[in-house]
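One structure below.
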Number of protein chains: 2
Amino acid sequence: MSLKHGLLGLLNYGSMTGYELDKAFKDSLNFFWQAQTSQIYRELNAMEKLGWLTSEVIFQTNKPNKKQYSITPVGRSELKNWLNKDIPDNEFQIRSVFLMKLFFSGERSFDESVIMLKNYKNNCMDAMASLYGTNSLIELYQPYVDKTHKAVYWKLTADFGKSYFKMCLDWADRTIKTLEESL
Amino acid sequence: MSLKHGLLGLLNYGSMTGYELDKAFKDSLNFFWQAQTSQIYRELNAMEKLGWLTSEVIFQTNKPNKKQYSITPVGRSELKNWLNKDIPDNEFQIRSVFLMKLFFSGERSFDESVIMLKNYKNNCMDAMASLYGTNSLIELYQPYVDKTHKAVYWKLTADFGKSYFKMCLDWADRTIKTLEESL
DNA sequence: TGGGTCATGTAACCTGTTACATGATTAG
DNA sequence: CTAATCATGTAACAGGTTACATGACCCA
């Protein structure tokens, strides 16, 4: 149940509509968690039923009406609880279609494997580039987060990403060499 | 649809029962893909309906009967097809409850964050240790894989894991230091 | 006599994905 | 005129998780 808690964490910074949450989510948590817009709306409904949120309809002229969600005390204590609960071991596991394909690459040609690895490198480079762009996002959102030092944690997650993709690129280079030498 | 293809890949090495597949899966693919036993049985049924597999009941005395699955030509071509199909971009994304908690760690104390990071390090060390154990598994399974060089790809995926967990440990050390200095 | 191995599942549930629907306003 | 932004969803499906069920054999 992490998507719910991610939304809870964002609403803890301030009340927002589903639409705004969707954008905030995609600007911040998206690098380590993904969610479809439709899923966000569904979860917000469920969370309201759980009593974690309340909603208020805001009428607008010239624009569609909107529904603003606010975190409740119950929601806030749920967030703290979740934060301090141990993460189960299986949450640390890797899930990678890419590695699964590599595992079975004995079933195809050397060239096809190398093409996949080169595509992989391109993906990593793109992901890394977008992480270097988060610095400006962090500054953009900083005023909305009450205590400034909280942004430190955002930066730490971004650092993880940078280290991760760098490691992937290095590994891919070594792997391509290993394959070339095994010919 | 990667679990189906993982099972297909294993059955491509030789016919097996659900029970044997479950064990082979957990000995090999488990580091980058996870599946419950019940899910494996369910998927085998679905794959048979798709015509990717055939099954044959083997009667046994003193032991429960078993059902052996064999890959069909359709299944084999599905496997090759899947291997050479491009991996969609979203398959490269990270999903990490751990990073989500770190992101929101401004909501809790410094000590609690550090405890989480130390737990994380322990998890990484365990995972790394179990990867160093795969070498013997690779040798164990090698006779079952027709062409010996296929084990190269298994080793490459294990190398990824080792690099990954090493990177995680280094990052966690740096992160703990950063947090200590920010006090 | 208790726990591990062998062997196969069902049912309910939760989460995530894909496709679709609507419709006004505003900036280039 | 056309694309983006604002704003909220529903429905169907796919995939993964959890809990439960059964029962014999074998070894310590």
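Proteins get letters first, then strands, A, B, ... in listed order; numbering begins at 1 in each.
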### Query
Quick one: are the ring centres of B/W33 and B/H5 less than 6.0 Å apart?
no

### Task
Rounded off to whole Å, could you give me the CG-to-C1' distance for the B/L44 and C/dT8 pair?
11 Å

### Task
Please state whether the phosphate of D/dG9, meaning OP1 or OP2, lies under 4.0 angstrom from any side-chain nitrogen or oxygen of A/K67.
yes

### Of the listed nucleotides C/dG9, D/dC6, D/dG9, the one nearest the side chain of A/P64
D/dC6

### Pairing of B/K177 and B/D173 as salt bridge, 4.0 angstrom limit
no

### Query
In terms of the angle between their ring planes, are B/W82 and A/F104 parallel, tilted or perpendicular, with boundaries placed at 30° and 60°?
perpendicular

### Task
Can you tell me the distance, in whole Å, between the CD atom of B/Q36 and the P atom of D/dA19?
11 Å

#### Entry: Out of D/dG9, C/dA12, C/dC6, whichever nucleotide has its closest atom nearest the side chain of B/R42
C/dA12

### Query
A/K26 has an atom NZ; how far is it from atom P of D/dC6, in whole Å?
14 Å

### Query
CE of B/M1 versus C1' of D/dC13: gap in Å, rounded?
12 Å

### Message
Checking contacts here: which listed nucleotide (C/dG16, D/dA7, D/dG9) is nearest the side-chain heavy atoms of A/Q39?
### Response
C/dG16

### Task
Taking only Lys NZ, Arg NE, NH1 and NH2, and the carboxylate oxygens of Asp or Glu, determine whether B/R174 and A/D159 approach each other closer than 4.0 Å.
no

### Message
Can you measure B/E91 atom CD to D/dG15 atom C1' for me and round it to whole angstrom units?
### Response
12 Å

### Query
For the rings on B/Y120 and B/F98, is their centre-to-centre separation under 6.0 Å?
yes

### Task
Identify, between B/S38 and B/Q60, the residue whose nearest nucleotide on DNA chain C lies closer to the 5' end.
B/Q60

### Query
B/N45 or B/N90: which one's nearest nucleotide on DNA chain C is closer to the 5' end?
B/N45

### Whole-Å distance separating the OH atom of A/Y41 from the P atom of D/dC6
11 Å

### Query
Does A/K23 or B/E43 map to a spot on DNA chain D nearer the 5' end, using the closest nucleotide for each?
A/K23

### Task
Using atom CE of A/M16 as one end and atom C1' of D/dC6 as the other, report the distance to the nearest whole Å.
17 Å

### Query
How many Å lie between CD on A/Q68 and C1' on D/dT8, as a whole number?
15 Å

#### Entry: Side chain of B/Y19 - closest among D/dG9, C/dC6, C/dT18
C/dC6

